[in-house]
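One structure is given below, encoded as structure tokens.
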Amino acid sequence: MDTKRDPKRICTYIGLGLFAMMSIWLLGMMGLQVLFMRYAPALLYSTWGMWLLNDIPLYLLGLPLFLLILRAVPNGPAAARPTQKFGPAQFLMAVAFSLGATYLINFVTSILMMLMQYFLSGSFDSVGNALEDIVTGSSLLPNILFGTIVPALGEEFIFRYTIRKKMQGCSDKSYILFSAACFAAFHGNLSQLMYAFVIGCLFAWLYLQTGKIWVPMLLHFAINLMGIVVAPAALGNETASIILSYMVIGLIVGAVMIFVMLRKRIFATLQPPTEAGWPYTPPKQPAFAAPYGGAVPGGAAPWQRPLTPPGQGGYPYGAPPPQNPQQAPPPY
């Protein structure tokens, strides 16, 4: 049996690659920040500089290291599977559900974090969101480029396309849950952890159903555009803020209704592995290994072995008798 297709081994390598990518990402940010402070301090106080400080170490250092580590894991065999149509109507429904689920889960997360903050410090002060701090009051062009386009392309390539290539042959459920967990952990903060996991599950499921990586990429772009560009701009106007509030309530209600109506159909599309030899079962080890490399028939336990006096054929059990009695190991 090919142990390289062991799902535990595959997920271990993927996890190791993500840990290495995030580690070199953070170290690269620290190093780049030192360079900015020394040679271009003005960049540290600009929108362009903040986004470059984040993306250069991630995509020029972290991503190549991630792909290098995953070279140890061969791509799984791609089984033929039917694909679903994904037109404008399905796209709008997916956007509505994603935004509604994001707002709902973000609201619940904010309440939980405020309660945690209260129990820890006795205050209801909200915990800040690093991404929100970057986009608030920032320039429009870098926010669109680095906040919507680059993540839609880069993160979908990592967490949907690459992980899927390595986990082909595994069950749909294992791929969806594992890739979504990696996607949530990648965001690195409690504010985005829960809704990133839910959205990651949706993106992975859509990729499986359509077979087109541009589907989650386009959906990712639309969601980021709403959260990073449209919503902050609307909050600066009183009328737009009221409209946005009602829209958020409608999206939350719509997301709940979509999930209730389609949950059985969605779960029914999750396919078991179709590759021969899946689900993977590790090679069986004998229940008892005889001394000196001898094989015990049927994995017999020590008390099930025939009694053979020392010095006769078959001692130690399962090994050939010693040719020179003087060199024979002492019996036990």
Side-chain angles (χ1 to χ4, degrees), residues 29 42-56 58-59 88-111 113-114 125-156 183-184 186-200 202-203 206 214-256 258:
M29 288 177 63
L43 283 176
L44 293 175
Y45 304 98
S46 68
T47 307
W48 288 96
M50 288 187 292
W51 282 117
L52 292 175
L53 188 65
N54 179 82
D55 285 9
I56 288 178
L58 174 59
Y59 293 109
Q90 290 80 6
F91 176 77
L92 292 177
M93 182 179 293
V95 171
F97 174 81
S98 301
L99 290 174
T102 298
Y103 288 128
L104 176 61
I105 297 172
N106 192 36
F107 177 71
V108 175
T109 303
S110 299
I111 294 177
M113 294 183 66
M114 290 176 62
D125 293 338
S126 61
V127 181
N129 186 325
L131 180 61
E132 183 179 345
D133 295 338
I134 292 177
V135 302
T136 303
S138 300
S139 302
L140 181 62
L141 181 58
N143 283 346
I144 294 177
L145 178 60
F146 295 107
T148 61
I149 298 176
V150 171
L153 299 177
E155 293 176 13
E156 293 309 306
F183 182 61
F186 169 79
H187 285 76
N189 62 81
L190 294 177
S191 300
Q192 297 175 284
L193 181 67
M194 293 178 62
Y195 75 75
F197 177 79
V198 174
I199 297 304
L202 174 65
F203 289 171
L206 286 173
W214 62 263
V215 171
M217 283 182 174
L218 189 59
L219 187 60
H220 197 153
F221 167 78
I223 294 172
N224 282 5
L225 184 68
M226 180 67 182
I228 293 178
V229 178
V230 177
L235 293 176
N237 182 276
E238 183 177 356
T239 304
S241 298
I242 296 175
I243 296 174
L244 179 64
S245 300
Y246 284 110
M247 186 180 69
V248 168
I249 296 174
L251 288 171
I252 292 175
V253 175
V256 174
I258 291 173

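We count residues from 1, following the sequence as given.
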Exercise for review: Can you see which heavy atom on Leu153 is nearest to which on Met217, and at what distance?
Suggested key: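 Distance-wise, the nearest heavy atoms are O-CE, 3.6 Å.
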
**Study point:** Minimum-distance pair of heavy atoms, taken over all atoms of Val215 and Leu206
**Key:**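 Distance-wise, the nearest heavy atoms are CG1-CB, 4.3 Å.
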
Calculate, to the nearest 0.5 Å, the distance between atoms [atom1] and [atom2] belonging to [X] and [Y] respectively.
| X | Y | atom1 | atom2 | answer |
| --- | --- | --- | --- | --- |
| Leu104 | Thr109 | CG | OG1 | 9.0 Å |
| Leu52 | Met29 | CG | CE | 11.5 Å |
| Met113 | Leu193 | CE | CG | 10.0 Å |
| Met226 | Tyr103 | CE | OH | 4.0 Å |
| Ile223 | Leu218 | CD1 | CG | 10.0 Å |
| Tyr59 | Asn54 | OH | CG | 8.0 Å |

**Study point:** Any Leu219 side-chain heavy atom under 4.5 Å of Phe203 side chain
**Key:**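 Result yes, sub-4.5 Å side-chain heavy-atom pair found.
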
Check your understanding: Can you tell if the side chain of Asn143 reaches within under 4.5 Å of the side chain of Trp51, non-hydrogen atoms only?
Key ->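 With C-beta onward as the side chain, the pair touches.
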
Show me the side-chain donor-acceptor pairs of residues 91-102 shorter than 3.5 Å, one per line, residues at least two apart or across chains.
unit_1	atom_1	unit_2	atom_2	d
Ser98	OG	Ala94	O	2.7
Thr102	OG1	Ser98	O	2.6

Exercise for review: Return the set of residues passing ring pair (Phe, Tyr, Trp, His ring centres under 6.0 Å) with Phe221 (not counting sequence neighbours), or none when no residue passes.
Suggested key: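 Not a single residue meets the ring pair (Phe, Tyr, Trp, His ring centres under 6.0 Å) criterion with Phe221.
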
Exercise for review: Can you sort out the partners of Trp48 under ring pair (Phe, Tyr, Trp, His ring centres under 6.0 Å), two or more places apart, ordered by chain and number?
Suggested key: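 For Trp48 the ring pair (Phe, Tyr, Trp, His ring centres under 6.0 Å) partners, ignoring immediate neighbours, are Phe146.
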
Compile the donor-acceptor pairs under 3.5 Å between side chains in residues 228-245 and protein atoms, sequence neighbours left out, one pair per line.
unit_1	atom_1	unit_2	atom_2	d
Asn237	OD1	Thr239	N	3.0
Asn237	OD1	Ala240	N	3.0
Ser241	OG	Ala234	O	3.0
Ser241	OG	Leu235	O	3.4
Ser241	OG	Asn237	O	2.7
Ser245	OG	Ser241	O	2.9

Exercise for review: Just grab all the side chain to side chain donor-acceptor pair (under 3.5 Å) pairs involving residues 221-234, residues at least two apart or on different chains.
Suggested key: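 The answer is His220-Asn224.
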
Name the atoms and distances for all side-chain donor-acceptor pairs under 3.5 Å in residues 248-255, with sequence neighbours left out.
none

